[in-house]
Amino acid sequence: MSLFKIFDTAATALAAQSVRMNVTASNMANADTISSSVNETYRARYPVFQAVLREQMAFGDDHAAEGVRVLGIVEGAAPPRAEYRPDHPQADDEGYIFRPNINMVEQMTDMISASRSFQSNIEVINASKQMMQRTLQLGQG
C-alpha cells in the first residue's frame, strides 16, 4: 500500500464518521418530538457502513480493506412509544400521542464512538504525515 493511500483511507473513515455524527445529532434533536399518528412519528436512523476493497494488485494482496463508505441510512425497527395524554393538543381521537423510538443512552454511546473513531483517524493522518516528514529528513545532515 502506498503511503499516500493512507490519507485516502483515513479520509473515507472521516467522511463516514461525519455522517454517523450527523445522523446521531438528528436523532437526538428529534428525541422529544411528538406526533398524533404512528406514521408521522420520527424514527431513529442509523447509517450502514460498507468496506471498500482494493482492486487486485500485482502483489497478490487483493481484498485488503481500503476504506469505508456509507451504504445507506436505515430506520430503527422499534415502534414509536404511545403515551396516553388526552389533554395534549396533538393527541389522536383515542387520546394518545406518539414519541420517537429513540434511546438517548444509545445515541450518546453512538456519538462518543463516532467521535473517538474520528479522532483516531485524525491521529492516523498525523502519524503518517510525521513519518513522511522524517523520511524526507533522512538525507539531511
Side-chain angles (χ1 to χ4, degrees), residues 1-85 87-141:
M1 173 185 278
S2 166
L3 202 51
F4 292 108
K5 286 281 193 182
I6 293 171
F7 294 115
D8 295 338
T9 302
T12 65
L14 293 175
Q17 294 305 326
S18 178
V19 168
R20 185 177 175 196
M21 284 193 273
N22 283 331
V23 169
T24 303
S26 175
N27 288 339
M28 293 172 78
N30 286 290
D32 290 327
T33 58
I34 295 172
S35 177
S36 59
S37 77
V38 173
N39 295 333
E40 294 176 1
T41 306
Y42 181 87
R43 295 177 191 258
R45 293 178 170 91
Y46 302 94
V48 177
F49 296 153
Q50 180 183 35
V52 176
L53 303 178
R54 180 179 3 170
E55 294 178 18
Q56 187 170 5
M57 299 183 70
F59 304 60
D61 186 19
D62 59 334
H63 301 300
E66 189 168 276
V68 64
R69 72 176 171 186
V70 178
L71 191 60
I73 296 175
V74 297
E75 289 186 345
R81 294 175 290 141
E83 187 177 311
Y84 185 67
R85 298 267 311 265
D87 57 332
H88 197 280
Q90 287 187 302
D92 66 2
D93 295 339
E94 297 175 3
Y96 285 96
I97 58 172
F98 299 93
R99 295 183 182 270
N101 58 349
I102 296 172
N103 180 337
M104 287 300 282
V105 174
E106 180 183 306
Q107 297 302 317
M108 283 302 298
T109 304
D110 279 353
M111 183 64 80
I112 291 169
S113 176
S115 175
R116 297 283 187 241
S117 180
F118 196 91
Q119 290 171 349
S120 296
N121 283 287
I122 292 291
E123 289 301 319
V124 166
I125 291 171
N126 285 335
S128 299
K129 188 175 87 179
Q130 288 177 353
M131 285 176 46
M132 291 176 140
Q133 287 174 338
R134 297 286 164 101
T135 302
L136 291 173
Q137 293 172 350
L138 279 177
Q140 298 176 350

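If you read the sequence from its start, that first residue is 1, and numbering goes on from there.
With hydrogens and angles ignored, the 3.5 Å screen pairs a side-chain donor or acceptor of Ser120 with a backbone N or O of Arg116.
Closest approach of Met111 to Ala25, counting heavy atoms only: CE-N, 3.8 Å. Heavy atoms only, all atoms of each residue included: Pro100 and Asn30 are closest at CG-O, 3.1 Å. Considering all non-hydrogen atoms of both residues, Ala31 and Met104 come closest at CB-SD, 3.6 Å. Here the closest heavy-atom approach between residue Val68 and residue Ala13 is recorded as CG1-CA, 3.7 Å. Arg45 approaches Val23 most closely through the heavy-atom pair O-CG1, 3.1 Å.
No more than 12 heavy atoms of other residues, nucleotides or ligands lie within 6.0 Å of CD in Glu94, so this atom counts as exposed by the packing criterion.
Legend: residues meeting side-chain hydrogen bond (donor to acceptor under 3.5 Å, both in side chains) with Glu75, ordered by chain and number and at least two apart, are absent. For Gln90, the side-chain hydrogen bond (donor to acceptor under 3.5 Å, both in side chains) criterion is met by no residue, not counting sequence neighbours. Scanning for side chain to side chain contact (heavy atoms under 4.5 Å, CB included) contacts around Asn103 gives Val105, Glu106, with sequence neighbours left out. Residues meeting the side chain to side chain contact (heavy atoms under 4.5 Å, CB included) test with Ala78, sequence neighbours left out: Asn101. Looking at residues two or more places apart in sequence or on another chain, you find a side-chain hydrogen bond (donor to acceptor under 3.5 Å, both in side chains) between Arg69 and Gln50. A search for side-chain hydrogen bond (donor to acceptor under 3.5 Å, both in side chains) contacts involving Ser113 returns Arg20, not counting sequence neighbours. Evaluation of the side chain to side chain contact (heavy atoms under 4.5 Å, CB included) rule for Met131 yields Leu3 as partners, not counting sequence neighbours. For Ser37, the side chain to side chain contact (heavy atoms under 4.5 Å, CB included) test picks out Ser35, Asn39, Glu40, with sequence neighbours left out.
Taken to the nearest 0.5 Å, the CD1 atom of Ile97 stands 8.5 Å off from the CG atom of Asp87. A distance of 11.0 Å separates CD of Gln119 from CD of Gln17, quoted to the nearest 0.5 Å. The distance from the OG atom of Ser128 to the NZ atom of Lys5 is 14.0 Å, given to the nearest 0.5 Å. To the nearest 0.5 Å, atom OG1 of residue Thr9 and atom CG of residue Leu14 are 11.0 Å apart.
Side-chain atoms of Val38 and Pro79, non-hydrogen and from C-beta on, never get closer than 4.5 Å to each other. You'll find the side chain of Glu66 stays beyond 4.5 Å of the side chain of Asp8, heavy atoms only. Taking the side chain as every heavy atom from C-beta outward, Asp110 and Asn27 never approach each other to under 4.5 Å.
Note on residues 118-132: no pairs pass salt bridge (charged side-chain N to carboxylate O under 4.0 Å, His left out), not counting sequence neighbours. Listed by first and then second residue, the ring pair (Phe, Tyr, Trp, His ring centres under 6.0 Å) pairs involving residues 30-51 amount to none (not counting sequence neighbours). Judged as a ring pair (Phe, Tyr, Trp, His ring centres under 6.0 Å), the pairs with a partner in residues 93-113 (not counting sequence neighbours) are, in order, Tyr84-Tyr96.
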